[in-house]
Amino acid sequence: MKQTTIEVFVFFLLRFCSCYAYLFPSLLPYYVSYFRVYNPYISQTSLYPVLTFEMAGCFFSHFIIKQLTTQFGVKRTVLISAGSFVIISQFLFLSGFSSVFFLWAIHFVSGFVLNLGNICVFFFFQAKYGDSARLYFGKCLGGDLIGMFFWLQVATWVINPHNLKVTDPTPASPDQLFPLSVYSRLPAFLTIFSLIYFFGMLAALQLVEDPPKLSSSDSAEQKAGGEGENYLEAALLAQEIELQPIKSTLNETKVISTPEPLNPQSAAIDPKPSCFSKPGEYESRQPRFLVFVTSCILLVTFNAYYMAAFKVMGLTKLNNDNLLSLIFSLGGLVNMGLRLFSGEFFDLLGFKKAHLACCFACLLICVGYLATDSSMPRLFNWIHLPFRGILGLIFLNIYNSIFALYEKEAALHLVRYVDLIYFIGYGIAIPANTFLVFGTNYFWVHVTMTGFVIAAIELFRRNLHLYANDS
């Protein structure tokens, strides 16, 4: 078996076993039932922000990942991530703490440590394969979605195998609560999940080797060749900053600026006009990048809310825990399936049309939720499948669009920007539930989320002139 196939399998398995953030919306009613026993102030609305804090942890993990991979390597960093999650999952239930702020904080830390492993996938392939990294990294992306499908079936089998129903909401207790025989099994599932993640990675990582690192004695020419963990910076050095004087102290020589690329292979490339006013300027200073990111945040706000609230909303329409868990997990497979066609979709329509198409597809899903909210409750739940498919296109369209807009420079900040978009989107969407949901009436939430999507469309449409040179 080729080494690349083994590497893809190992990191596919990593994402398969680190999909806890995807599981939480389906586990939310179990969490509320479990911690309500110890804290009467625990409610569905108070635990919705858990997802916001998980996304915050994912975003802030980017500020330490480089130091960890430099000091410990990719393999040890992954094991640190998996081992830390084992400790967190046990501390969550054994500590005796049950305040809302504790649950927010513990999930911030869990998002932080789990995302360290996810970022390592990108670091590993970028360091080892350079320009081909996206090909291998892309093959691992579906691991978390297949993992979500698998682990939700395991959760159903462990936590609620007999499909016991939730209690009906009352004025005194507006939340749907499971009986003791159901929620008492939640710690067992988290233990199984975390231990399989840790020991699975401990075994699988023996099949791969850390990519070679650049030592302080490496020359600028070696960096330009794209070897080692600093490949991205090397690519910029070799192909983007052509007219800029480059000072090299590593080999005590000075490279004189020249209009010719340092890398001979780049001579055959006909680059698009640079989106930067000067080499090295960050994307966040560009108006068109800000418009694009703002539009994405509005879309993610819509997606974040329905991702978080699906199980809770669904139980008000159809009191069938196992069926709703199945629908939610099937949504992950639909999401992954449409991602397989995202490249053709993007190439066929181009950046601008692809983004607008995703926006209008979201609008159709919003209308579908509005139309079936009270009239067709069973259909309301099944709309989750096309919704998750559209979410898959949006996710990869964000990746594709940033690369299309900013080429090499985008790779330096790509994953961080995507996590930032999701962090802000969840930060807006999840607390909105506290102000908009009264009892079991979700109508005004649907209306508000539809407004977010319309705003995303209008913002991007009004600024299309900024993207005149982009296909």
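Atom set for the values below is all heavy atoms of this structure, side chains included, hydrogens, waters and symmetry mates excluded. One-based numbering along the sequence shown.
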*Quick one: do Phe97 and Phe102 satisfy ring-ring contact (aromatic ring centres under 6.0 Å, His included)? Show the steps, please.*
CA-CA 7 Å; Phe97 298 117; Phe102 168 74; 5.4 Å; yes
*asked:* Restricting to salt bridge (Lys or Arg N to Asp or Glu O under 4.0 Å), what partner residues turn up for Arg185, sequence neighbours left out?
replied: none
*Taking all heavy atoms of Ser46 and all of Trp104, pick out the closest pair and write down the distance.*
O-NE1, 2.9 Å
_Whether the Asp321 and Asn163 side chains hold a donor-acceptor pair (N or O, under 3.5 Å, no angle test) is what I'd like checked._
no
*Under the 3.5 angstrom rule, does the side chain of Thr316 hit a backbone N or O of Met313 as a donor-acceptor pair?*
yes
*Shortest non-hydrogen contact between Val453 and Cys359, atoms and distance*: CG1-O, 3.4 Å
*Evaluate the side-chain proximity of Pro25 to Leu51: yes if any heavy-atom separation is below 4.5 Å, no if none is.*
yes
*Check step by step if side chain to side chain contact (heavy atoms under 4.5 Å, CB included) holds for Thr191 and Ser89.*
CA-CA 7 Å; Thr191 300; Ser89 63; 5.7 Å; no
*Between Ser295 and His355, what is the shortest heavy-atom contact and its length?*
OG-NE2, 2.9 Å
*Answer yes or no: is there a side-chain heavy-atom contact under 4.5 Å between Asn322 and Leu326?*
no
*asked:* Out of the candidates Phe380, Trp382, Phe302, Phe310, only one should pair with Tyr369 under the ring-ring contact (aromatic ring centres under 6.0 Å, His included) rule; please name it.
replied: Phe380
_Heavy-atom check, side chain of Leu333 versus side chain of Ser329, under 4.5 Å_ = no
_Are the side chains of Phe60 and Phe108 in contact, using a 4.5 Å heavy-atom criterion?_
yes
*Examine distances only and state if a side-chain atom of Ser61 and a backbone atom of Cys58 form a donor-acceptor pair shorter than 3.5 Å.*
yes
*Any salt bridge between Arg76 and Asp210, counting N to O under 4.0 Å?*
no
_Under 3.5 Å, is there a donor on one side chain and an acceptor on the other for Ser98 and Asn39?_
no
*Any side-chain heavy atom of Leu391 sitting closer than 4.5 Å to one from His384?*
no
*Please report the shortest heavy-atom distance between Tyr197 and Leu14, naming the atom on each side.*
CE1-O, 4.0 Å
*Does the side chain of Asp144 pick up a donor-acceptor pair with the side chain of Ser18 at under 3.5 Å?*
no
*Hey, what do you get for CD1 (Ile146) to CZ (Arg15), rounding to the nearest 0.5 Å?*
11.5 Å
*Within a strict 4.5 Å, meaning less than it, do heavy atoms of the Ser325 and Gln153 side chains meet?*
no
_Option among Tyr183, Tyr30, Tyr31 that satisfies the ring-ring contact (aromatic ring centres under 6.0 Å, His included) test with Phe178_ = Tyr30
*Give a yes or no on whether the ring-centroid distance for His107 and Phe24 is below 6.0 angstrom.*
yes
*Is there a side-chain contact between Leu205 and Val208 (heavy atoms, below 4.5 Å)?*
yes
*May I ask you to decide if the ring planes of Phe193 and Phe85 are parallel, tilted or perpendicular, using 30° and 60° as cut-offs?*
perpendicular
_Just verifying a value: how many Å separate Cys120 SG and Phe72 CZ, rounded to the nearest 0.5 Å?_
12.0 Å
_Given 3.5 Å as the limit, does a donor-acceptor pair link the side chain of Asn335 with the main chain of Leu145, or not?_
no
*Could you tell me whether Phe16 and Phe150 have their ring centroids closer than 6.0 angstrom?*
yes
*With a 4.5 Å heavy-atom cut-off, do Arg378 and Leu323 have their side chains touching?*
yes
*Does atom CZ of Phe9 have more than 12 heavy-atom neighbours from other groups under 6.0 Å away?*
no
*asked:* Whether Arg388 engages the ring of Phe328 as a cation-pi pair (distance to the six-membered ring centre under 6.0 angstrom, angle to the ring normal within 45°) should be assessed.
replied: yes
